[in-house]
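Here's the structure, in structure tokens; my notes come after.
What you are looking at is a predicted structure, and each value in this text was computed from that prediction instead of being measured. The sequence lines fix the lettering, A, B, ..., with proteins before strands; numbering per chain opens at 1.
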Number of protein chains: 2
Amino acid sequence: MSQAILVEETLRSMGKLCIEHDPDVFRSVLDRIGDKWSLLVIGILEAGPRRFTELLRATPGVSRKMLTTTLRALERDGLITRTIYPEVPPRVEYAMTELGRTLSGPVLVLATWTADNQEAILANRDGFDAGLQPESPA
Amino acid sequence: MSQAILVEETLRSMGKLCIEHDPDVFRSVLDRIGDKWSLLVIGILEAGPRRFTELLRATPGVSRKMLTTTLRALERDGLITRTIYPEVPPRVEYAMTELGRTLSGPVLVLATWTADNQEAILANRDGFDAGLQPESPA
DNA sequence: CAGCATCCGCTATGATACTG
DNA sequence: CAGTATCATAGCGGATGCTG
């Protein structure tokens with residue numbers, strides 16, 4: 001029962017977390033992991049360091065430019081490192097930082113929720129969309 | 001120790017979750033909670049049902065249009081409900097669904113992580129930005 | 001009160017080509 | 001190999017005004 005109260009109490013604090021606690025910073029973090037490629041990159045780097053081209057191939061659809069942009073943003077936030085090896089074909093390796101690894105837990109929780117509920121969400125979307133234009137077929 | 005192995009095992013699965021498990025659906029959910037206003041709205045509705053104008057006032061900076069768009073998207077995914085009361089000033093109430101409430105947990109985990117680590121992230125950004133243009137002042 | 005319609009600028013994303 | 005530079009585009013987000 002104290003468990004239930006704890007959860008209740010914690011959830012009640014979400015309003016404070018979301019609103020009073022600087023929504024901009026909050027969103028900037030969500031923007032980072034919520035953009036088109038970051039989460040994929042994090043998912044890949046979670047398994048170990050990777051080179052630029054490896055990431056390029058492992059992330060279907062991404063362009064060089066967007067991969068660069070994504071990696072820079074993650075590096076800027078201290079979530080990954082970028083290590084240049086001065087060799088004669090250049091080699092650059094990206095790897096998760098400690099901070100990045102601590103993010104994996106929360107992201108995984110969200111990923112699991114998404115996997116568990118994507119059917120329900122998709123069904124809701126279909127239902128919602130179906131109830132909108134039942135007049136055009138005539 | 002089996003705990004550590006379990007975590008390890010779980011994290012290893014993130015790659016699969018992120019990549020093999022339909023990245024588009026994944027991103028569409030992240031887009032939903034990652035856009036500019038959804039998380040704020042969810043945070044507010046977590047505390048109980050609210051009317052349109054209440055949400056408008058409780059979400060500083062949002063326009064009517066974006067609030068409407070946000071609410072529709074959340075409704076479409078089945079995360080909130082929209083109830084119209086046919087009264088003579090119209091009244092519309094938004095409330096979390098069961099599905100929406102199950103999302104609160106994962107979001108809270110992420111929110112807590114953000115709150116706990118925003119200082120580190122901000123510091124990393126400052127450091128990164130400082131190390132980029134040390135040649136222009138000259 | 002609770003929207004919808006319209007216009008409009010900005011940024012994110014992407015295609016393509018070039019460089020150290 | 002690992003990027004950068006340039007150009008083009010689409011959609012988000014916002015300002016404003018109208019409606020049931």
Listed pairs under 3.5 Å, donor-acceptor, residues 48-58 of chain B side chains, sequence neighbours left out:
residue  : atom : partner  : partner atom : Å
Arg50(B) : NH1  : Gly48(B) : O            : 3.4
Glu54(B) : OE1  : Arg51(B) : N            : 2.7

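Atom CZ in Arg57(B) sits roughly 8 Å away from atom P in dC1(C) (whole-Å rounding). A straight line from CG of Leu55(A) to P of dC1(D) spans 14 Å, rounded to a whole angstrom. Remark: P of dG20(C) and CZ of Phe52(A) are 17 Å apart, rounded to the nearest angstrom. Rounded to an integer number of Å, the gap from Leu56(B) CG to dG3(C) C1' is 11 Å. Atom-to-atom, CZ of Arg51(A) to P of dG3(D) comes out at 10 Å; the value is rounded to the nearest Å.
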Return the polar atom pairs (N/O with N/O) between nucleotides 12-16 of chain D and the protein under 3.5 Å, or none.
residue : atom : partner  : partner atom : Å
dG13(D) : O3'  : Lys36(B) : NZ           : 3.4
dG13(D) : O6   : Lys65(B) : NZ           : 3.4
dG14(D) : OP1  : Lys36(B) : NZ           : 2.6
dG14(D) : OP2  : Trp37(B) : NE1          : 3.1
dG14(D) : N7   : Lys65(B) : NZ           : 3.1
dG14(D) : O6   : Lys65(B) : NZ           : 2.0

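Leu74(B) CG to Ile80(B) CD1: the interatomic distance, rounded to the nearest 0.5 Å, is 4.5 Å.
Residues that satisfy the side chain to side chain donor-acceptor pair (under 3.5 Å) test with Asn124(A), not counting sequence neighbours, are absent from this structure. With sequence neighbours excluded, the residues forming a salt bridge (Lys or Arg N to Asp or Glu O under 4.0 Å) with Glu98(A) are Arg101(A), listed by chain and number. Thr59(B) pairs by the side chain to side chain contact (heavy atoms under 4.5 Å, CB included) definition with Trp37(B), Leu40(B), Ile44(B), Val62(B), not counting sequence neighbours. In this view, Thr69(B) satisfies the side chain to side chain donor-acceptor pair (under 3.5 Å) rule with no residue, not counting sequence neighbours. For Thr102(B), the side chain to side chain donor-acceptor pair (under 3.5 Å) criterion is met by Trp113(A), not counting sequence neighbours. Contacts of Arg91(B) classified as salt bridge (Lys or Arg N to Asp or Glu O under 4.0 Å), with partners at least two apart in sequence or in another chain: Glu87(B), Glu93(B). In this structure Ser38(B) satisfies the side chain to side chain donor-acceptor pair (under 3.5 Å) test together with Asp35(B), sequence neighbours excluded.
Over its length, the helix from dC1(C)-dG20(D) to dG20(C)-dC1(D) turns its helix axis by 50°, as judged from the five terminal pairs at each end, rounded to 10°.
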message = Go through it in stages, so that I can follow the logic: the residues are Asp126(B) and Phe128(B), the test is side-chain contact (heavy atoms from CB on, under 4.5 Å), and I'd like the CA-CA distance, side-chain angles, deciding distance and then a yes or no.
response = CA-CA 5 Å; Asp126(B) 288 345; Phe128(B) 187 89; over 6 Å; no

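Within residues 68-95 of chain B, the residues that place at least one heavy atom under 4.0 Å from DNA chain D are, in residue-number order, Pro90(B).
Sorted by first and then second residue, the side-chain hydrogen bond (donor to acceptor under 3.5 Å, both in side chains) pairs with a member in residues 72-82 of chain B read Arg125(A)-Asp77(B), Asp129(A)-Arg76(B), Arg32(B)-Asp77(B), Arg82(B)-Tyr94(B); sequence neighbours excluded.
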